[in-house]
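The structure under discussion appears below in the form of structure tokens.
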Amino acid sequence: QLLLCDPQGNELHVLATDPAERRLQLFREHCFQTLWRAPSLLGKFAVRVEVTPADAGARRLADEDHAKLAELHAVSRGGNTAVVEAPYLEKALNTGGVLSIKVTNATDEELFVTLLSVCEDRSVTVMFPNENQQDNQLAAGQTVSCPVALGPNRNWQRQRPMVDRYVAIA
């Protein structure tokens with residue numbers, strides 16, 4: 001039995017015995033790792049990503065879901081990444097919080113921008129464009145704000161909170 005493990009030795013999942021299926025699993029992991037490491041790469045276009053307390057859109061989401069606003073604590077900031085911690089959330093119903101992620105086109109030309117949520121459980125979600133903001137073309141200097149609901153993942157088995165990364169691609 002072959003296991004796919006993270007660098008700390010935690011089991012991610014069992015690899016298939018069929019060689020073709022195993023290649024597909026390893027390719028998917030390679031794609032995930034590429035997205036996971038993307039924030040450390042400097043791209044050709046300047047796009048700024050900022051995590052902020054909830055704006056009006058996030059407050060609407062909080063009201064609809066009966067969620068509270070997330071507390072944010074900036075841990076470090078530098079280069080093209082920022083680390084923000086939210087309080088640990090117990091695995092219980094009605095826990096979590098809402099915040100805003102702002103993406104700014106920091107160039108003097110129009111850009112097509114996509115914001116992805118890349119989670120440690122190997123899930124990837126397109127945050128922008130979305131059903132409310134379907135055009136992902138941003139004018140020079142334009143900022144869009146995406147509300148984000150944070151909360152526990154019932155499938156996460158580790159003792160520490162799961163890490164989410166928000167990656168802007170231009």
Side-chain angles (χ1 to χ4, degrees), residues 6 12 28-29 31-43 45-107 110-139 141-170:
D6 67 11
L12 298 173
R28 286 181 182 145
E29 181 64 18
C31 293
F32 169 81
Q33 290 296 331
T34 300
L35 287 173
W36 188 255
R37 293 186 178 110
S40 64
L41 305 173
L42 289 176
F45 302 108
V47 176
R48 189 171 54 248
V49 178
E50 182 182 11
V51 179
T52 64
D55 61 12
R59 284 190 195 95
R60 272 194 305 279
L61 179 64
D63 290 343
E64 291 169 10
D65 292 346
H66 306 289
K68 58 187 174 193
L69 304 180
E71 298 173 34
L72 300 176
H73 311 285
V75 175
S76 68
R77 188 165 292 208
N80 59 340
T81 63
V83 177
V84 178
E85 289 181 344
Y88 178 73
L89 304 168
E90 296 296 327
K91 291 185 181 183
L93 294 175
N94 301 321
T95 62
V98 177
L99 54 81
S100 298
I101 296 185
K102 295 183 179 182
V103 180
T104 302
N105 174 357
T107 70
E110 290 185 335
L111 294 178
F112 289 93
V113 176
T114 298
L115 178 66
L116 301 175
S117 168
V118 183
C119 297
E120 205 173 5
D121 68 353
R122 293 350 194 215
S123 63
V124 178
T125 304
V126 177
M127 304 296 294
F128 174 79
N130 56 43
E131 65 275 356
N132 297 321
Q133 301 163 312
Q134 295 179 2
D135 184 5
N136 68 332
Q137 187 172 7
L138 297 183
Q142 182 180 358
T143 298
V144 295
S145 181
C146 302
V148 176
L150 302 175
N153 181 327
R154 288 182 179 85
N155 299 322
W156 187 246
Q157 298 301 313
R158 300 201 193 152
Q159 293 301 312
R160 63 170 178 75
M162 183 169 66
V163 174
D164 301 349
R165 288 189 179 179
Y166 297 92
V167 180
I169 301 173

Shortest non-hydrogen separation from Cys119 to Phe32 and the atoms involved: O-CE1, 3.1 Å
Non-hydrogen side-chain atoms of Val47 and Leu138 separated by less than 4.5 Å: no
Of the non-hydrogen atoms in Arg48 and Ala106, which two are nearest, and what is the gap between them? NH1-CB, 4.1 Å
What I want to find out is whether Arg165 reaches Glu120 closely enough, with some N-O distance under 4.0 Å, to be called a salt bridge. no
Atom pair CG (Leu111) and OG1 (Thr104), whose distance is rounded to the nearest 0.5 Å: 11.5 Å
Spatial distance of atom CD1 (Ile101) from atom OG (Ser145) [nearest 0.5 Å]: 9.0 Å
Should Val163 and Trp36 count as side-chain neighbours, where that means a heavy-atom distance under 4.5 Å? yes
Side-chain donor/acceptor of Asn105 to backbone N/O of Ala139, under 3.5 Å: yes
What I'd like to find out is whether the side chain of Gln33 reaches to under 4.5 Å of the side chain of Arg122, using heavy atoms alone. yes
Using modelled atom types and a 3.5 Å cut-off, is there a donor and acceptor pairing between side-chain atoms of Asn136 and backbone atoms of Val113? yes
With side chain to side chain donor-acceptor pair (under 3.5 Å) as the test, would you mind laying out the steps for Thr125 and Ser117 before giving the verdict? CA-CA 5 Å; Thr125 304; Ser117 168; 5.0 Å; no
What is the distance from atom CG of Asp135 to atom CZ of Phe128, rounded to the nearest 0.5 Å? 7.0 Å
Give the C-alpha distance, both sets of side-chain angles, the deciding distance and a yes or no for side-chain contact (heavy atoms from CB on, under 4.5 Å) between Thr114 and Val167. CA-CA 8 Å; Thr114 298; Val167 180; over 6 Å; no
Say you draw a straight line from CD of Gln142 to CD of Glu110; how long is it, rounded to the nearest 0.5 Å? 8.5 Å
Is the count of non-hydrogen atoms from other residues, nucleotides or ligands lying under 6.0 Å from Arg37 atom CZ greater than 12? no
Val51, Leu115, Val118, Val103 screened by side-chain contact (heavy atoms from CB on, under 4.5 Å) with Tyr166, the one that passes: Leu115
